[in-house]
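This structure is a prediction, so every number in the text was calculated from the model and none was measured. By convention in this document, chain letters (A, B, ...) are assigned in the order of the sequence lines, proteins followed by strands, and residues within each chain are numbered from 1.
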Amino acid sequence: MSATTGQSWRDWLLTDTPASRRQAAWGERYRLWCSFRSNGLAMIGLVVALAMVVLSLSAPLLASYDPGTQELANRLARPSAAHWLGTDELGRDVWSRILYGGRVTLGMVVAVVALVAPLGLAIGCIAGYFGGFADRALMRVTDVFLAFPRLILALAFVAAIKPGITSAIFAIVLTAWPPYARLARAETMTIRNTDFIAAVRLTGASPARIILRHVVPLCLGSLVVRVTLDMSSIILTAAALGFLGMGAQPPSPEWGAMIATARRFILEQWWVPTIPGIAIFVASLAFNLLGDGLRDVLDPKQR
Amino acid sequence: MIKIENLHVHFGAVHAVRGVSFNVPAGASFGIVGESGSGKSTVLRALSGLNDDWTGSMRIKGTQLAPRRGKDFFRRVQMVFQDPYGSLHPRQTVDRALSEPLEVHGMDQHERRILQALSEVALPPSVRFRYPHQLSGGQRQRVAIARALMAEPEVLLLDEPTSALDVSVQAEVLNLLADLQERRGLTYLLVSHNLAVVAHLCPMVGVMQGGEMVETVSREDLRAGRTVHPHTTELRRLSTELEEA
């Protein structure tokens, strides 16, 4: 019975003659999902990334200790049944700190992406669509931000305000948006002069409507790809800021900061700094694989 | 309906259109022929408002056109583009393409109007939720024509509407355009490099060369070979030679 309903769902989604707008839209999504699903590495990336998000969200359920509880008699312990991934230099349970640290680190990534993508998209599309003075002004501002090395600008920004998670997020946003603006502008410039945009202009639609409803959807594909590929470098920047003491402040567990405080022990108690390093590595790799897969599916030039 | 006097268009240093004037009465068709680069499409783009860098005088129904057009202009004048592969948004269904003019102009009864437009251009209702890449070239051009008709315009500007299609489909689209004109009383301004296409649809033909309109001739005179300007004679000779070959 369930097999037949599954079959009819597929038929409903894949039909050549959808009966409603909703069916046509879901059919298109289902086709994208099918072509994504056939990419093994991308599916691994998706599963791992989702697993990490779920694990950090359910940290209170899975953590065996409070991430801040110190147990100085048992510091730098090897992984054991009591402490699955050992303890750090203050005797805190590393497994619990990794789980809670995922909330901070991945939360920073999500916050940065949620701010950067719309900002870059808006600036790039406006510059690309209107051209002329708006384009020159916005692109020179972009160039100014691109001129500084990313981490140094972020460092200077955080140091000027106040070290902490919020200012780290804004610092990363400030340094991460220019490539998005460039990308969106380049896409918009190729779309701007096509006949289908001319046709929309001839319906009398306003520039805002044209950009939002006709230009942005076409830029979105390459932007999503860029975002997922960038997530790993955002994780690394967040970790680097944490490592340098400019991101999350102790005792808040953040992967980069965990490596920073434990780096003294890398020769004798190597697992203490290595485990958050592995977490960063796995998260970056998962997002990279996901991004590659999304590029194959979403990038119109590769279809 | 359309009255153009002394139209000049510049692209930087290039003087693309040099003082073109012509008249199209309401409900009539006027064709412009010429070689590539003769400025015929430029006239159309200036008239449609896509190119606002022109001088001279253009009137539609007696109203002088400004470089920037208002919404009422776009309800009155619509355009069909040359390449049906490029003139439909690749990520939008036929339904989206057709409902866009309705939304922009705040028109009602979307459902009824869309179905009616599809039947008017002889497309089955099943194409409504297809994407352009699922349609053939002829079907796409029909969708483009349907979209141009959504806002119920009085003037249709046709920029080589058949040149991207193969010959049998060309005839279908031309017949469709002729039918629509009869049914709706549309005024056509057709641009083409193909004399046969222009002569099929338009009783009056303007010939352009190097940005100037060198001759305006009636279809009958053109068929009979009563042409004045050597360029018209040349175009006609090439076209008949091509047909015979």
Portion of [X] that has a non-hydrogen atom of chain A nearer than 4.5 angstrom:
{"X": "B:Arg69", "answer": "neither"}
{"X": "B:Tyr131", "answer": "side chain"}
{"X": "B:Arg128", "answer": "side chain"}
{"X": "B:Leu50", "answer": "both"}

Check this for me: [X], atom [atom1], are more than 12 non-hydrogen atoms of other residues, nucleotides or ligands nearer than 6.0 Å?
{"X": "A:Arg140", "atom1": "CZ", "value": "yes"}
{"X": "A:Phe170", "atom1": "CZ", "value": "no"}
{"X": "B:Gln64", "atom1": "CD", "value": "yes"}
{"X": "B:Arg112", "atom1": "CZ", "value": "yes"}
{"X": "A:Phe148", "atom1": "CZ", "value": "no"}
{"X": "A:Phe281", "atom1": "CZ", "value": "no"}

Item to complete: Answer yes or no: is there a donor N or O on one side and an acceptor on the other, between the side chain of B:His89 and the main chain of A:His214, under 3.5 Å?
Response: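 Such a contact is found between B:His89 side chain and A:His214 backbone.
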Pairs of heavy atoms under 4.5 Å with chain A: top-ranked of [options]:
{"options": "B:Arg45, B:Lys71, B:Arg130", "answer": "B:Arg130"}
{"options": "B:Ala148, B:Gly49, B:Pro90, B:Gly70", "answer": "B:Pro90"}
{"options": "B:Met79, B:Arg96, B:His105, B:Gln82", "answer": "B:Arg96"}

Discussion item. As a quick check of understanding, evaluate side-chain contact (heavy atoms from CB on, under 4.5 Å) for B:Phe81 and A:Leu202, giving each step before the final call.
Written reply: CA-CA 11 Å; B:Phe81 292 85; A:Leu202 287 186; 3.9 Å; yes
Worksheet entry | Residues in residues 203-212 of chain A that sit under 4.5 Å from chain B, counting heavy atoms only |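 The stretch touches chain B at A:Thr203, A:Gly204, A:Ala205, A:Arg209.
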Discussion item. Enumerate the salt bridge (Lys or Arg N to Asp or Glu O under 4.0 Å) contacts for residues 139-155 of chain B, please, sequence neighbours excluded, ordered by first and then second residue.
Written reply: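 Qualifying pairs: B:Lys61-B:Glu154, B:Arg76-B:Glu154, B:Arg113-B:Glu152, B:Arg142-B:Glu172.
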Worksheet item: A:Arg213 and B:Gln92: side-chain contact (heavy atoms from CB on, under 4.5 Å), yes or no, with the steps?
Response: CA-CA 10 Å; A:Arg213 301 205 44 168; B:Gln92 291 180 357; 5.6 Å; no
Worksheet item: Are any non-hydrogen side-chain atoms of B:Pro132 and A:Phe196 less than 4.5 angstrom apart?
Response: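 No; the side chains remain at least 4.5 Å from each other.
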Worksheet item: Closest heavy-atom contact between A:Ala24 and B:Thr93?
Response: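 Looking at all heavy atoms of both residues, the shortest contact is CB-CG2, 4.5 Å.
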Practice prompt. Compare every heavy atom of A:Ala199 with every heavy atom of B:Ser87, then report the nearest pair and how far apart it is.
Written response: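 Heavy atoms of B:Ser87 and A:Ala199 come nearest at O-CB, 4.2 Å.
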